[in-house]
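In this chain, numbering begins with 1 at the start of the sequence shown.
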Amino acid sequence: MFFIESIRTSFGKASPFALHIFLIVGVVVYTISGALIIKHLESPDRIKAARKSNAIRDAKPTVPTYDLSEMTGAQLAQLDPRVHECVLSSLVDIFSAVGCDDDAALDHSAISTLDDCYRSISIPGMEGIKIRDEKESMSTTEKSIKEEEEKMEESKWTFENALIFSFTVITTIGYGHIVPETTLGRIFVIVYGLIGVPLTLLTIADLGMFIAKGLHLLLRGLSRLCRWTVKKYDMSARAPSSIEEKIVDGEEKESTRTESEEEDEDRHEPRKIDETLTLCLLFALYLLIGAHVLASYEPEMGFFEAFYFNFVTLTTIGLGDFVPKSTDYLFVTLVYIGVGLALTTMAVEIMADGLKKLHYFGRSIKNAATVFVWFGGEKMRLDRLIKNLGDQLNIPEVELLHFQVETFVEQAIKVEEGEIATLRRPVVMRPDRPFSYSNIRTSEESARLHFVDSTRSSKLGTVGLPPLATEN
């Protein structure tokens, strides 16, 4: 228990940046470990044994092959007893035709009946006999080529190929250019993907959030720069007399206006459409630049093939017709794919937001109070958040009980979209006496509180004010 508590304490004290680095390093170590394990499980000896076992399991009864040219007549007669009877009958017919005359010519047409006996041979219980042909037999060269291919197939699990395989498994790309053949290898892939896929997708999504934040800050900086440039241009275009008049008549007012403008600039946020267009442009540039770099060191890829490979890979289609072959730049390729997957995740998230707007278009807001709001690694329901905020501001519990969260959210959305100026309610002050905070007090639980600025003629009646503290 002490060990577990120490781990929790260590992670609690770790900075958020360290946790993000831990996720990335964890995926890298997990990928390399998976490559080493699958390389061991898919060794040439294990693959050969697996193929032999599969061949025995899938073996089917086949018709035996006989070479009739190497068999004697007695052996043929044992295979088919009718051959012997056919030969005797043919001899009787031959001797009857020639009359056993020594001078008679046993021409080819007479002897051909013996050949017919052997041509009609059939083995009982068999559909037929396949006579081996020299043309069908595999030559020594073909055998050697086949053996070479089998050896290459068995030794395909190099560390580089195993690394690509493990990376494509946990990123769900799945090229399919090499697959495990042993039972242990396939079991390992199931367990490896079961743990690695959620871990990798979480890391990619986390990296995508960092990129989205950087993109947001970049757009915000560009927006400030554009407004600052326009402001400087407008100031330079103003007449000097009007500037002097403002300085003489309202220097304090001018400074107040400038501070208000700066506060508005700080609150300015880029629009969602701006982020979407910027992300689309960034993704297109990422594909084009990556294709140019990839084509420079991949031997089988030109610019178009590299662009096609990038798109198929970063969208996790993973057809597998093109795979990285350059081992010297394999690390660069994998890093490029990882960052590209983060960009794809951002694009999918933006499209998901658009689909949500389309799905909920025209619908009224329901169950807004049960929505969870995330604060770092913690979450809280919206109604509980409003309740705690009301307690912090000493809002009466009666008003909190009758507070409509859905109506509040609808009105807040209208404020953000510019349809309503503010949700702040104006405070009505009585003109017959000075304003006091006791005038807006409505909570019964705070009735015992006294305000320093309250007067004897206020709602406190005959209750006296507490004496002010005096110095000794």
Side-chain angles (χ1 to χ4, degrees), residues 26-66 126-127 130 132-133 136-201 298-301 309 312-313 316-331 333-334 337-338 341:
V27 171
V28 172
V29 174
Y30 193 79
T31 305
I32 297 175
S33 302
L36 294 174
I37 295 174
I38 194 66
K39 182 178 181 295
H40 173 71
L41 295 178
E42 295 295 321
S43 61
D45 295 336
R46 293 176 182 269
I47 293 178
K48 188 181 297 184
R51 289 180 177 178
K52 186 177 180 180
S53 176
N54 294 335
I56 295 174
R57 182 191 61 191
D58 299 336
K60 297 180 180 179
T62 56
V63 178
T65 301
Y66 298 95
M126 300 291 180
E127 296 180 357
K130 181 179 179 181
R132 187 169 58 193
D133 192 358
E136 296 179 358
S137 62
M138 185 178 295
S139 63
T140 307
T141 305
E142 292 175 345
K143 287 182 179 179
S144 62
I145 293 175
K146 186 176 181 181
E147 290 176 357
E148 292 265 339
E149 292 178 351
E150 289 179 353
K151 289 181 180 179
M152 291 178 62
E153 195 70 19
E154 292 170 358
S155 61
K156 63 186 177 181
W157 286 97
T158 61
F159 175 74
E160 291 78 11
N161 283 338
L163 188 63
I164 295 174
F165 172 80
S166 61
F167 182 78
T168 55
V169 167
I170 60 178
T171 55
T172 68
I173 296 174
Y175 288 137
H177 63 298
I178 51 175
V179 292
E181 298 184 38
T182 63
T183 303
L184 288 177
R186 290 168 179 171
I187 294 175
F188 170 75
V189 169
I190 295 174
V191 178
Y192 183 74
L194 191 64
I195 300 174
V197 169
L199 175 64
T200 306
L201 294 182
E298 282 294 338
E300 297 182 357
M301 297 185 192
F309 165 78
V312 170
T313 300
T316 67
I317 297 174
L319 296 178
D321 46 354
F322 289 99
V323 295
K325 295 294 181 63
S326 177
T327 58
D328 297 335
Y329 296 94
L330 183 59
F331 177 76
T333 304
L334 296 182
I337 293 174
L341 290 174

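For Phe167, the ring-ring contact (aromatic ring centres under 6.0 Å, His included) criterion is met by no residue, not counting sequence neighbours. For Glu300, the side-chain hydrogen bond (donor to acceptor under 3.5 Å, both in side chains) partners are Lys325, not counting sequence neighbours. For Tyr329, the ring-ring contact (aromatic ring centres under 6.0 Å, His included) partners are Tyr297, not counting sequence neighbours. Here Thr171 pairs with nothing under the side-chain hydrogen bond (donor to acceptor under 3.5 Å, both in side chains) rule; sequence neighbours left out. With sequence neighbours excluded, no residue forms a side-chain hydrogen bond (donor to acceptor under 3.5 Å, both in side chains) with Ser166.
Using a 4.5 Å heavy-atom cutoff, the side chains of Leu36 and His40 are not in contact. By the 4.5 Å heavy-atom criterion applied to side chains, Leu41 and Pro180 are not counted as neighbours. Leu334 places a side-chain heavy atom less than 4.5 Å from the side chain of Leu163.
Here Ile164 contributes atom CD1 and Tyr175 contributes atom OH; the two are 7.5 Å apart, rounded to the nearest 0.5 Å. Atoms OG1 and CD, from Thr333 and Glu298 in turn, are 5.5 Å apart once rounded to the nearest 0.5 Å. Note that OG1 of Thr168 is 9.0 Å distant from CD1 of Ile337, once rounded to the nearest 0.5 Å. Distance OG1/Thr316 to CG/Leu341: 7.5 Å, rounded to 0.5 Å. The distance from atom OG of Ser326 to atom CD of Glu160, rounded to the nearest 0.5 Å, is 10.0 Å. The CD1 atom of Ile47 lies 11.5 Å from the CG atom of Asn54; values are rounded to the nearest 0.5 Å.
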TODO: Give the intermediate values and the outcome of side chain to side chain contact (heavy atoms under 4.5 Å, CB included) for residues Phe309 and Asp321.
DONE: CA-CA 9 Å; Phe309 165 78; Asp321 46 354; over 6 Å; no
TODO: Output, in order, the C-alpha distance, side-chain angles, deciding distance and verdict of salt bridge (charged side-chain N to carboxylate O under 4.0 Å, His left out) for Glu181 and Lys156.
DONE: CA-CA 12 Å; Glu181 298 184 38; Lys156 63 186 177 181; 3.5 Å; yes
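Asn161 places no side-chain N or O within donor-acceptor distance of the main-chain N or O of Trp157, the cut-off being under 3.5 Å. Between the side chain of Arg46 and the backbone N or O of Thr182 there is no donor-acceptor pair closer than 3.5 Å.
Taking all atoms of both residues into account, the shortest heavy-atom contact from Ala162 to Lys39 is CB-CB, 4.2 Å. Gly320 approaches Val323 most closely through the heavy-atom pair O-CG1, 4.0 Å.
In this structure, Phe159 places its CZ atom where more than 12 heavy-atom neighbours from other residues, nucleotides or ligands lie under 6.0 Å away.
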Would you give me the side-chain donor-acceptor pairs under 3.5 Å for residues 191-199, sequence neighbours excluded?
{"from": "Tyr192", "atom 1": "OH", "to": "Tyr30", "atom 2": "O", "distance (Å)": "3.0"}

